[in-house]
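What follows is a short report on a single structure.
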Amino acid sequence: MLKCITDKNIIMNERKHVMTSFYHVKSSMTELGKVINFLLNFEKRILVYPIVLGVMIGLTPLVGLLATRALIDDLSANAISIQVIKYIIFIVLSVFIKNIAENLLQTTMRFLAFKVTCSIRFRISEIYTKLDMKQAESEEIIKNKEKSLMAIDQQDSVTNFLISGTNFISAAVTFVGTILLFGELNILIITVLLAAYITNNMIAHKKRAYEFSTWEKWTTLNMQSRAYNSMAHEYSYAKDLRIYQAQKIIKEKIHECDAKRTTEMLLQSKQFCRYDGIRAFIDLLQNYIIYLVFTYLLLIDKISLADFTLYIGNSVQFLSSLTQFQNMLIDVARYSKLLIPVLEFIDTPFAKQNSKIALLENVYDIEFENVTFKYADTQSYALKNLSIRIKSGETICIVGPNGSGKSTFIKLMTRVYKPDSGTIRINGIDINEYSQKALDSIFSILYQEHTVYPVSIRNNVTLNSEDSSSLYDLYDQVDICDLISSLENGDKTIMSAEFKDSTVFSGGQKLKLLLARIMYNDAHILILDEPSAALDPLAEFEFYDLFQNISAQKTSIYISHRMLATKYCSRVLVFDNGHIIEDGSFEELLHNDGLFRKMYMSQSSVFQQEN
């Protein structure tokens with residue numbers, strides 16, 4: 001009874017192993033098909049070169065074996081003859097022509113792989129910029145993007161997929177050819193080799209499964225390493241690193257990350273060595289059996305010396321092609337699997353836009369009704385059941401503690417994010433009814449983390465516009481005309497220290513340039529999200545003075561921690577914990593015993609003490 005149960009368990013385990021292996025093969029084939037279709041979408045010719053190159057490389061050793069056998073037969077029968085010389089010339093010329101053709105095909109294939117890699121990298125960037133901010137900030141999207149970039153850049157998966165595919169095809173061609181050359185001779189040899197292949201394949205499958213079990217950990221470690229290394233070499237961190245002598249802590253973090261990666265690599269290498277050691281022993285055993293069998297056949301005159309050379313060479317090719325076939329099958333599956341996250345990221349669904357209104361000529365009011373929102377992967381709400389109406393022509397200052405929802409309010413108004421619930425209306429119409437182009441035309445914004453792009457001064461003002469008219473009158477209005485005129489290339493100068501003949505503006509100069517961008521856009525609603533926080537008082541006064549001039553007759557919204565700025569606004573909104581807790585003029589709120597008065601008096605007392 002116990003024996004029956006044991007036998008049944010063995011059978012069930014064997015079936016389970018067979019079904020699991022079948023599932024993995026089916027899964028790998030499905031992934032391979034997806035990757036091939038994906039690459040063909042970028043370049044139709046990309047698979048022609050691996051196929052032609054693979055067949056050419058695969059046939060080369062077979063032709064060499066047959067030519068060598070014929071040469072030995074002739075040498076055994078006669079002295080050096082015209083026929084022998086012809087064989088030698090044929091072999092030399094064949095190798096020469098094959099090498100030239102192979103180099104040409106490999107160069108072309110690598111060029112196409114590079115071209116496709118560049119196209120995929122651009123597509124990843126394009127997709128990420130098209131995602132709404134809530135999607136872009138989610139942990140899942142960020143990890144998928146990181147995996148995609150690792151596959152494309154660090155693993156060079158497109159090039160390696162094509163190289164592995166080429167070697168796989170060449171191994172398959174050589175493998176089939178060697179079986180045909182063996183014919184019916186000693187079926188035991190082929191049986192032993194196939195048995196060894198199956199064993200090797202099982203070990204290789206375990207190796208691949210182990211490698212991908214560590215992939216998630218490697219993704220996290222590489223993200224951390226990239227973050228700390230970027231701090232060490234990116235220009236934006238350079239001043240803080242030197243001023244605060246922060247090099248030590250950054251170096252410590254880099255060494256810490258590298259230590260973790262080194263430990264993980266050591267563990268992985270040890271495990272790989274175990275798998276590769278077992279496979280090497282199996283290969284050694286194969287070679288021993290092959291040489292033993294064919295030496296015995298030669299000694300008993302079952303085969304000639306030429307046949308012995310052919311079969312030994314054929315056996316070596318059989319073994320090497322079998323091993324290469326197995327390894328390249330694993331590599332093709334590996335790089336297919338690495339490219340799957342790229343496919344998935346590029347297929348990331350966008351939030352559908354059903355916008356109908358393509359043009360907004362005037363803005364009469366903006367209304368929030370019971371709007372609630374929280375950021376991706378967070379539990380607390382940034383805004384909760386917020387309702388407010390802003391009329392055209394108002395000058396509004398938004399104040400409140402850090403994290404109270406001020407910047408989130410602006411980002412929802414401009415549809416950078418979409419609310420989780422509630423409605424935002426412009427001119428009484430749901431904001432989602434407007435096209436993105438319509439919304440872009442009514443808002444000009446300077447965020448706290450304002451951006452100057454590594455393009456020309458002119459392009460920093462016009463952005464995606466193709467306008468070619470002169471902008472120097474505009475530069476003059478924001479007081480940077482003399483600065484730009486003093487540059488050798490004028491407003492064609494690149495705004496980045498990384499480029500030749502480029503320039504870098506000071507904080508105040510950057511803000512003036514961004515004011516020029518706002519003026520150029522000529523939008524209905526102007527928004528400042530604490531852009532002058534890093535300026536000294538005089539530079540800030542000059543900046544706001546310029547802004548007051550360009551914002552006349554427009555709706556203006558300030559976010560500020562400088563309470564004195566509220567004096568110059570017709571309306572003040574006080575945010576706290578995602579709610580508007582006070583709403584009124586400067587005078588009204590100052591006479592209330594609320595948060596605004598406390599913040600104002602606290603800041604005023606500091607200035608008085610300094611004076």
Side-chain angles (χ1 to χ4, degrees), residues 235-236 238-239 360-361 363 393 395 397 410 414 416 437 439-560 562 565 568-569:
Y235 180 76
S236 58
K239 287 184 288 186
L360 250 173
E361 294 184 353
V363 178
T395 302
C397 188
I410 297 301
T414 54
V416 172
K437 185 177 181 180
L439 291 177
D440 292 343
S441 70
I442 66 169
F443 292 110
S444 279
I445 311 168
L446 273 183
Y447 286 115
Q448 185 174 354
E449 58 278 10
H450 49 264
T451 303
V452 174
Y453 298 100
V455 295
S456 70
I457 294 171
R458 177 187 181 83
N459 286 340
N460 264 289
V461 173
T462 61
L463 295 181
N464 60 349
S465 172
E466 297 180 0
D467 181 17
S468 59
S469 61
S470 175
L471 300 178
Y472 280 86
D473 287 342
L474 190 61
Y475 302 146
D476 189 48
Q477 293 180 56
V478 294
D479 197 28
I480 53 172
C481 186
D482 291 342
L483 172 65
I484 295 173
S485 297
S486 68
L487 299 172
E488 183 178 351
N489 296 318
D491 66 355
K492 293 180 181 178
T493 306
I494 303 297
M495 294 284 293
S496 174
E498 285 81 11
F499 292 84
K500 185 180 179 182
D501 298 327
S502 61
T503 188
V504 177
F505 282 3
S506 68
Q509 291 166 344
K510 284 181 183 178
L511 285 177
K512 289 178 180 179
L513 180 68
L514 296 175
L515 279 181
R517 182 189 294 173
I518 286 179
M519 292 176 68
Y520 181 84
N521 196 35
D522 193 26
H524 297 283
I525 301 171
L526 308 182
I527 302 172
L528 299 184
D529 184 359
E530 198 70 26
S532 61
L535 297 183
D536 62 71
L538 289 176
E540 185 180 31
F541 175 80
E542 185 182 1
F543 170 75
Y544 277 112
D545 187 51
L546 285 169
F547 184 75
Q548 290 283 351
N549 292 332
I550 70 172
S551 63
Q553 309 303 319
K554 295 180 183 292
T555 304
S556 304
I557 302 174
Y558 299 75
I559 294 178
S560 181
R562 308 285 174 89
Y568 307 103
C569 297

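Because only heavy atoms are used, hydrogens play no part in the values below, and waters and symmetry mates are left out as well, while side chains stay in. The chain is numbered in sequence order, starting from 1.
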- Step by step, would you call Met495 with Val504 a side-chain contact (heavy atoms from CB on, under 4.5 Å)? CA-CA 6 Å; Met495 294 284 293; Val504 177; over 6 Å; no
- Query: Considering only heavy atoms from C-beta outward, does the side chain of Tyr475 approach that of Asp491 to under 4.5 Å?
  - Reply: yes
- Query: Can any side-chain N or O of Asn521 pair as donor or acceptor with the backbone N or O of Phe443 at less than 3.5 Å?
  - Reply: yes
- Message: Please find the pair of heavy atoms, one from Val478 and one from Lys512, that lie closest to each other, and give the distance.
- Response: O-CD, 3.3 Å
- Ion pair present between Asp522 and Lys554, side-chain N to carboxylate O less than 4.0 angstrom? yes
- Item | Side-chain donor or acceptor of Ser456 paired with backbone N/O of Thr493 under 3.5 Å | no
- Heavy-atom check, side chain of Leu528 versus side chain of Ile559, under 4.5 Å: no
- For the residue pair Leu446 and Ile518, establish whether any side-chain heavy-atom pair is separated by less than 4.5 Å. yes
- Message: Using the rule given for side-chain contact (heavy atoms from CB on, under 4.5 Å), can you reason through Ile484 versus Leu471, listing the C-alpha separation, both sets of side-chain angles and the distance that settles it, and then say yes or no?
- Response: CA-CA 11 Å; Ile484 295 173; Leu471 300 178; over 6 Å; no
- Please tell me if the side chains of Thr414 and Ile445 come closer than 4.5 Å, counting only heavy atoms from C-beta onward. yes
- Within a strict 4.5 Å, meaning less than it, do heavy atoms of the Leu526 and Thr555 side chains meet? no
- Message: With rounding to the nearest 0.5 angstrom, report the OG to NE2 distance, Ser441 to His524.
- Response: 6.0 Å
- Closest non-hydrogen contact found for Tyr472 with Gly490 is OH-CA, 3.6 Å
- Distance, nearest 0.5 Å, that separates SG of Cys481 from CG of Asp473: 8.0 Å
- So how far is it from Asn460 CG to Ile494 CD1, rounded to the nearest 0.5 Å? 9.0 Å
- Do you know the tightest heavy-atom contact between Ala516 and Leu474? O-CD2, 3.5 Å
- Task: May I ask you to check whether Tyr453 and Asn459 show a side-chain donor-acceptor distance below 3.5 Å?
- Result: no
- Message: With side-chain contact (heavy atoms from CB on, under 4.5 Å) as the criterion, how do Leu483 and Gln509 come out once you've worked through the C-alpha distance, each side chain's angles and the decisive distance to 0.1 Å?
- Response: CA-CA 9 Å; Leu483 172 65; Gln509 291 166 344; 3.6 Å; yes
- Query: Atom CZ in Phe505, atom CG in Leu514: separation rounded to 0.5 Å?
  - Reply: 10.5 Å
- Quick one: does Ile457's side chain get under 4.5 Å of Lys492's, heavy atoms only? no
- Item | Value rounded to 0.5 Å, distance of CD1 in Ile410 from CG in Asp529 | 6.5 Å
- Query: Do any N or O atoms from the side chain of Ser485 and from the backbone of Asp482 form a donor-acceptor pair under 3.5 angstrom?
  - Reply: no
